[in-house]
Number of protein chains: 2
Amino acid sequence: MRSESNTGTTPERGPATADILRALIVISRRGVADARIANLSLSMTDQSILGYIVDHPGCRSTDIAQAFRLNRSTVSRQLAGLMKLGVVRETTDASGRGRPLELTGSGWAAYDEAIGILQGVVDETLDDWTDAEVARFAHDLQRFNTGAAGETRPRHPIEAPDAPLDKAP
Amino acid sequence: MRSESNTGTTPERGPATADILRALIVISRRGVADARIANLSLSMTDQSILGYIVDHPGCRSTDIAQAFRLNRSTVSRQLAGLMKLGVVRETTDASGRGRPLELTGSGWAAYDEAIGILQGVVDETLDDWTDAEVARFAHDLQRFNTGAAGETRPRHPIEAPDAPLDKAP
DNA sequence: GTGAAGTGTTGCGGAATGCAACAGACAAGA
DNA sequence: TCTTGTCTGTTGCATTCCGCAACACTTCAC
């Protein structure tokens, strides 16, 4: 009994987007649990912050908070821990507001290690997919994410583009 | 361990699956934050538990814990809260081990309400997708999830099949 | 220079989670 | 039937993540 509270889309959309929502919920819940179980040196939260810095070099604490809809205090505390661990540091060129961030050498190492482990799980799941299907799925996911980025995009011009997506449709 | 259909993973696979992983991390983080912000009556955790009971009527506490890789104590506590709220109850027919669960009337109402709100966010994001693209994306996500279900499948015979997926290829 | 706005930090409390220990229920065998 | 082992659920305790509010510091605009 889904409530078909469709915005204005075609009648088809309701069930399909409901399925997408349910699937995303499962992915979220299962993903964080998987990351928790795999005994990584960094938590899922830390990992996502590192990932953001990788994608947006020179970003500041506030940018991370906006990207993940987190309170500034939360990011501040997480970053404090990461800097104490020596995986993140503030760049020297503090031109403008805030303090740009970047990964340290060990930061890259930790990031690559965690990504490698988690990617193993994903690879395993995608084992019986064709390359084309994988590429298409990756493309759709990135499209979904950039779309979901929404209005929070008042960013620095230095940063890398939000997603390198291309590949086949 | 997997069937050897594709294990060699062509050189393409690495980057693509890495993109998928990164996209999924972002989706997870952003999704839970979105759910937190939308002031739902139920938390994301509660919501996912309700969703599991919807998909697997008569399931027990342990089943939920296994599905989401959570500790039994965590699920126990969450369920205690949900039963106190009157959205979940134990079924009367306690044949066998454990105590089968089901949603109450207000449980269905709360579930539908939350799904409706969250679906609004998803619908908005998918605004400029064609129906076919949405359907394909939904299908890929469900395929990914069922594949990721993995080996944790020591299930009761009563329950509904793990996922109703079918639809278009 | 002064005021306004942006940025980061800290105190406080709440929610979610894991681990370990425990109690009750069920199943299989003597 | 009784006993023993296993499964299921619960509770105490600690930890992590998070938000809100208040604060200090910096940067910008006038």
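Chain naming here is simple, since letters A, B, ... match the order of the sequence lines and numbering starts at 1 in each.
Using cut-offs of 30° and 60° for the angle between ring planes, the B/Trp108 and B/Tyr111 rings count as perpendicular. A/Trp129 and B/Phe144 have perpendicular rings, their planes meeting at more than 60° on a 0 to 90° scale where under 30° would count as parallel.
Along DNA chain C, the nucleotide closest to A/Ala33 and the one closest to A/Gly98 are compared, and the more 5′ of them pairs with A/Gly98.
Looking at B/Leu50 and B/Leu103, their side chains come closer than 4.5 Å, going by heavy atoms from C-beta outward.
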Intermediate values then yes/no, side-chain contact (heavy atoms from CB on, under 4.5 Å), B/Leu40 and B/Ile117
CA-CA 8 Å; B/Leu40 304 170; B/Ile117 292 178; 3.6 Å; yes

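Counting to the nearest Å, the P atom of D/dT15 and the CD atom of A/Gln78 are 16 Å from each other. The NZ-C1' distance, from A/Lys84 to D/dT16, rounds to 15 Å in whole Å. The nearest whole Å value for the distance from the CG atom in B/Leu101 to the P atom in D/dT8 is 13 Å. For B/Ile64 and C/dT17, the CD1 to P distance is 12 Å, given to the nearest whole Å. Following rounding to the nearest Å, B/Ile37 (CD1) and D/dG19 (P) show an atom-to-atom distance of 8 Å. Distance CG (B/Leu70) to C1' (D/dT15): 16 Å, rounded to an integer number of Å. Distance CD1 (B/Ile49) to P (D/dG9): 13 Å, rounded to an integer number of Å. Counting to the nearest Å, the C1' atom of C/dA15 and the CG atom of B/Leu40 are 15 Å from each other.
Phosphate contact (OP1/OP2 of C/dG6, side-chain N/O of A/Thr62, threshold under 4.0 Å): absent.
Salt bridge B/Asp140/B/Arg143: absent, no basic N to carboxylate O contact under 4.0 Å.
Atom OH of B/Tyr52 sits about 13.0 Å away from atom CZ of A/Arg22, to the nearest 0.5 Å. Put simply, CD1 on B/Ile53 and CG on B/Leu101 are 5.0 Å apart, with the number rounded to the nearest 0.5 Å.
Side chains of B/Gln78 and B/Thr45: a donor-acceptor N/O pair is absent below 3.5 angstrom, by distance only.
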Could you write out each protein N or O paired with an N or O of nucleotides 10-14 of chain D at a distance under 3.5 Å?
residue: D/dT10; atom: OP2; partner: B/Ser76; partner atom: OG; Å: 2.6
residue: D/dT10; atom: O5'; partner: B/Ser76; partner atom: OG; Å: 3.4
residue: D/dG12; atom: O6; partner: B/Arg77; partner atom: NH1; Å: 3.2
residue: D/dG12; atom: O6; partner: B/Arg77; partner atom: NH2; Å: 3.1

Could you go through nucleotides 4-7 of chain D and list every protein N or O atom that sits under 3.5 Å from one of its N or O atoms, giving the distance for each pair?
residue: D/dT6; atom: O2; partner: B/Arg97; partner atom: NH2; Å: 2.8
residue: D/dC7; atom: O4'; partner: B/Arg97; partner atom: NH1; Å: 3.4

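With sequence neighbours excluded, the residues that form a salt bridge (charged side-chain N to carboxylate O under 4.0 Å, His left out) with B/Arg89 are B/Glu102.
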